[in-house]
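Everything numeric in this text was worked out from a predicted model, so none of it was measured. Lettering follows sequence order; numbering is per chain, from 1.
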Amino acid sequence: MTEQPESTESRAPAAGLDFIRAIVADDLRTGKHTSIVTRFPPEPNGFLHIGHTKAITLNFGIARETGGRCHLRFDDTNPETEDVAYVEAIINDIRWLGAEFGEHAYFASDYFDTMYKCAEHLVRGGNAYVDSLDEEEIREYRGTVTEPGRDSPYRDRSVEENLDLFRRMRAGEFPDGAHVLRGRIDMASPNMLLRDPILYRIRHASHYRAGDAWCIYPLYDYAHPIEDAIEGVTHSLCSLEFETNRPLYDWVVENVPLEGKPRQIEFARLNLDYTVMSKRKLLQLVKEGSVSGWDDPRMPTVAGLRRRGVTAEAIRAFNDMLGIAKTDIRVDMGKLEYAIRDDLNPRARRVLCVLRPLPVQLTNVPDGATEWLDAPFFPHDVREAAGPGVTGLDATRKLPLTRRILIERDDFQLTPPRGYHRLSPGVIVRLRHGPLIRCDDVLRNAAGDVVELRCSVQPDDGASGASGASAPKVKGTIHWVSETHALPCEVRLYDRLFLVPDPDAGTDGATGFKAHLNPASLEVVTGARIEPAVADDPPGSRYQFERLGFFCSDSVDSAPGHLVFNRTVTLREARARKAEGAIGRGGDGANRATRPPRDAAPSSGGAGRGVAASPVEIARRDPATAALLADTVAEGAAEATAANLIVNELPRELGGRGVAELPFGARELAELVTLLDQGVISSTGAREVLSELAASGGSPGAIVQARGLRQVSDEHALRPIVEAVIGENPAKADEYRGGRSGLLGFFVGQVMRKSNGKANPEVVARLVQNRLG
RNA sequence: UGCCCCUUGGUGUAAUUGGCAACACGCCUGACUCUGGAUCAGGAGAGUCCUGGUUCGAACCCAGGAGGGGCAACCA
């Protein structure tokens with residue numbers, strides 16, 4: 001209630017678009033697409049986890065940014081693992097995350113008809129056949145990663161026979177596994193997925209949604225591209241492990257009679273330190289009782305994070321911090337925690353809660369008296385930082401102060417370590433929102449344990465702490481509650497679920513990861529006391545327990561008579577405190593993720609065999625470039641220069657084309673080579689000419705003329721440009737004079753740019769050096 | 001061992017597409033503070049996996065290598 005409205009807009013990256021957004025922007029710019037359609041395709045066989053939120057923020061983010069749309073589509077093609085309960089949970093999570101799919105919620109199972117028709121089309125076109133090998137045989141025939149497969153004896157059945165068999169498969173005439181429908185591609189392909197992939201299998205199972213309408217079910221590689229095509233998806237974003245599936249995806253898109261031509265792009269999935277991110281493993285934790293359920297606050301699931309008190313905005317901010325790329329990643333928990341604190345800091349009310357109480361008697365406070373202190377829910381900096389539109393931050397509550405209070409056990413030390421900011425004998429501290437107190441006496445039991453303190457309220461001149469000349473020396477501020485007014489509560493302190501950064505690493509067997517479970521991932525504190533102001537707050541309310549961390553009341557177990565709080569995240573710990581060990585921190589302080597060095601061994605053989613190959617040798621390796629080189633030389637070009645251009649500069653201009661598809665030939669290349677060798681153009685100019693040739697052909701001489709690329713080596717002509725560049729960058733010039741010689745490249749580059757690549761860089765460099773040196 | 005992908009401070013991501021290696025988290029200093037929080041100011045830390053090549057100039061282009069990941073379910 002007192003929480004602020006959702007933080008406004010996540011930054012729009014102006015310069016550094018991630019590679020997928022760059023592709024999308026390009027497709028829009030070139031007119032390949034006029035609007036963008038993405039999709040998030042969960043399989044309803046488990047709960048969403050934080051890894052999925054990366055895909056969700058990406059797909060829905062792109063849709064929002066481009067004014068397109070993003071579909072939610074359940075990829076429910078496997079009747080054996082899927083369930084409506086998961087569908088409901090997923091929809092709930094997606095809604096909660098704030099992803100807007102509008103009307104666009106779909107089910108792959110609704111497309112079974114179309115998929116079937118497409119399959120018959122493939123059969124008729126000779127692109128698919130019914131195979132009657134059994135599962136074992138199919139595996140054998142597939143070959144291995146190093147050996148090609150062999151054609152199935154059923155591969156050449158006639159179209160009629162295939163059609164008949166496939167129809168009878170569908171009609172339920174055969175038992176499970178009797179036949180499969182396979183794409184006819186290439187049993188010898190180096191890509192295993194292209195070795196006649198299975199498209200349909202017989203499974204007499206009832207589907208949670210389609211019921212018993214089908215006894216054949218399509219497989220992912222076949223179904224997914226069809227689903228995308230049907231929905232008009234333009235960019236089908238998935239994780240890296242589907243990279244090798246892409247050729248198959250494209251094959252289906254191309255051979256199936258559907259309009260849509262979606263494009264699959266892969267990016268790296270999220271891995272978080274100290275947790276696992278596979279639905280299978282998370283399911284195992286749930287089933288085997290390692291956690292209380294999918295929504296256990298220790299789980300990296302959306303439901304778990306939500307129950308723990310994490311907001312949807314924090315999850316989105318976290319994902320925005322990460323970016324999108326193709327490098328396998330393993331993200332530090334610290335980043336998630338930062339995003340959570342950053343989000344909660346301005347929206348969580350501050351309240352006082354004592355986890356492990358130590359009784360304190362305030363000797364000069366009268367017995368039976370209660371002083372009700374006025375205490376704001378938010379600190380001044382949060383109130384001041386908030387914009388004028390934000391309301392609720394000025395709210396206050398009454399804090400009861402009585403003769404007997406409770407403070408945190410950790411906030412008292414008989415013999416304080418160096419730099420201890422809290423209470424110890426004879427020391428004065430401030431009670432948060434209350435008076436200063438001094439510890440006058442310590443009561444101990446027979447065992448020597450401290451059981452109670454006697455403190456006296458000290459005169460407070462109102463000035464802050466140590467400022468007044470004769471003011472008492474205040475060590476710090478501690479939190480407290482009134483023993484008579486405080487409410488008992490249960491507080492659950494969560495720590496990382498696993499003891500090692502990567503529980504999956506080096507685990508033998510499927511269950512190996514469980515060996516790394518952190519036995520102390522949950523600590524239940526039962527004797528805690530909290531100030532009475534929270535008594536009537538609804539479950540799920542979020543707070544900052546001052547000096548302890550962010551907490552929320554548990555949405556399932558907390559009730560008015562029985563308050564239960566979950567620790568969402570601790571407060572960031574300052575250095576001094578870190579060194580001495582924090583309050584209530586469950587686990588050990590070992591934060592440093594240990595990862596084996598990436599490049600332990602230096603390259604064994606050193607420089608490899610012999611000297612590096614020359615451009616000429618390299619050009620000759622490939623028949624196409626070899627021919628181009630030979631022809632170019634025949635046209636009168638110097639071989640070394642020609643080879644250099646062909647090997648080092650041409651690939652960039654090819655853009656996926658073969659050399660033969662270039663709109664120019666050996667004659668033009670030879671002319672370019674000669675121009676370069678004669679010094680008519682610089683190598684910068686040559687690159688530009690080559691680029692133009694590759695784009696639209698033409699004659700090098702004409703291009704040089706038209707673009708004015710003739711190299712300028714005349715110092716008199718160049719000097720004004722050099723002067724201009726130096727004049728525009730006085731600070732850099734000073735740095736250069738100061739010894740930062742690396743800036744030479746900067747100056748030369750600027751001149752080159754200003755001269756449109758015409759300047760002779762060697763002359764320019766000399767000029768710059770003379771002028772500044 | 002065949003094919004595909006990846007490699008930039010401790011972590012994650014950028015770099016005007018060949019021209020000053022930047023941002024965020026984390027870390028360190030200091031200021032401020034009735035939260036050892038927040039905020040503010042400053043700092044350290046990589047020369048871009050390696051070795052060569054092309055170029056006036058390479059994180060970016062070329063060659064060779066190294067390391068990491070993926071692919072041989074009738075899962076997705």
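Between A:Thr146 and A:Thr244, it is A:Thr146 whose nearest contact on RNA chain B lies nearer the 5' terminus. Judged by closest nucleotide on RNA chain B, A:Pro615 is the one of A:Pro615 and A:Met192 placed further toward the 5' end.
If you check every strand for non-hydrogen atoms under 4.0 Å, A:Gly434 touches a base. Residue A:Thr144 is in base contact, counting any heavy-atom pair closer than 4.0 Å across all strands shown. Among the atoms of the strands shown, none is found under 4.0 Å from any heavy atom of A:Asn271. Within the nucleic acid shown, A:Glu80 has no heavy atom closer than 4.0 Å to any nucleic acid atom. Using a 4.0 Å heavy-atom criterion, one finds that A:Ile324 contacts the sugar-phosphate atoms exclusively. Among the atoms of the strands shown, base atoms are found under 4.0 Å from some heavy atom of A:Val145. No engagement by A:Leu240 is indicated, since no non-hydrogen atom pair under 4.0 Å with the nucleic acid exists. Residue A:Phe242 is classed as a base contact, given a heavy-atom separation below 4.0 Å to a base. Contacts of A:Arg142 with the nucleic acid, taken as non-hydrogen atoms under 4.0 Å apart, involve only primed sugar atoms and P, OP1 or OP2. The residue A:Lys335 sits close to a base: some heavy atom pair falls under 4.0 Å. Within the 4.0 angstrom heavy-atom criterion, base atoms lie near A:Glu546. When heavy atoms are screened at a 4.0 angstrom cut-off, A:Leu336 is found touching no nucleic acid atom at all. Residue-level contact check: A:Phe545 touches neither bases nor backbone, having no heavy atom under 4.0 Å from any strand. A:Glu135 comes within contact range of at least one nucleobase, with a heavy-atom separation under 4.0 Å.
Judged by distance alone, the side chain of A:Asp76 and the main-chain N or O of A:Ser109 form a donor-acceptor pair under 3.5 Å.
Under the Watson-Crick or G-U wobble criterion, with both distances below 3.5 Å, B:rG37 has no partner in any strand shown. Across all strands shown, B:rA14 remains unpaired; no Watson-Crick or G-U wobble contact has both distances below 3.5 Å.
Donor-acceptor pairing under 3.5 Å, judged by distance alone, is present between the side chain of A:Gln544 and the base of B:rU35. In the interface, the side chain of A:Asn648 is paired with the base of B:rG53 through a donor and an acceptor atom under 3.5 Å apart. A donor-acceptor contact under 3.5 Å is not formed by the side chain of A:Arg753 with the base of B:rG19.
Ring centroid separation for the pair A:Phe267 and A:Phe242 does not come in under the 6.0 Å cut-off. Two rings, from A:Tyr200 and A:Tyr217, have their centers 6.0 Å or more apart.
The side chain of A:Val180 approaches B:rC74 more closely than any other nucleotide in the set B:rU1, B:rC74, B:rU54. Side-chain proximity of A:Arg203 to B:rC5, B:rC74, B:rG2: nearest is B:rC74.
In terms of phosphate contacts, A:Arg687 brings no side-chain nitrogen or oxygen within less than 4.0 Å of OP1 or OP2 of B:rU55.
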Base-contact (B) and sugar-phosphate-only (S) positions in nucleotides 38-44 of chain B, heavy-atom cut-off under 4.0 Å, - elsewhere: B------
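More than 90° away from 0 lies the glycosidic angle of B:rG37, which makes this nucleotide anti. The glycosidic torsion of B:rA21 lies more than 90° away from 0, which places this base in the anti conformation.
Distance CZ (A:Arg139) to P (B:rC71): 16 Å, rounded to an integer number of Å.
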Applying ring-ring contact (aromatic ring centres under 6.0 Å, His included) to A:Tyr543 and A:Phe550, what does each step give before you reach the verdict? CA-CA 6 Å; A:Tyr543 311 92; A:Phe550 292 97; over 10 Å; no
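Using a 4.0 Å cut-off between a side-chain N of Lys or Arg and a carboxylate O of Asp or Glu, A:Lys754 and A:Glu728 qualify as a salt bridge. Salt-bridge check for A:Arg547 with A:Asp411: passed, with a basic side-chain N closer than 4.0 Å to an acidic carboxylate O.
A:Glu546 and A:Gln544 form no side-chain donor-acceptor contact under 3.5 Å, judged by distance and modelled atom types alone.
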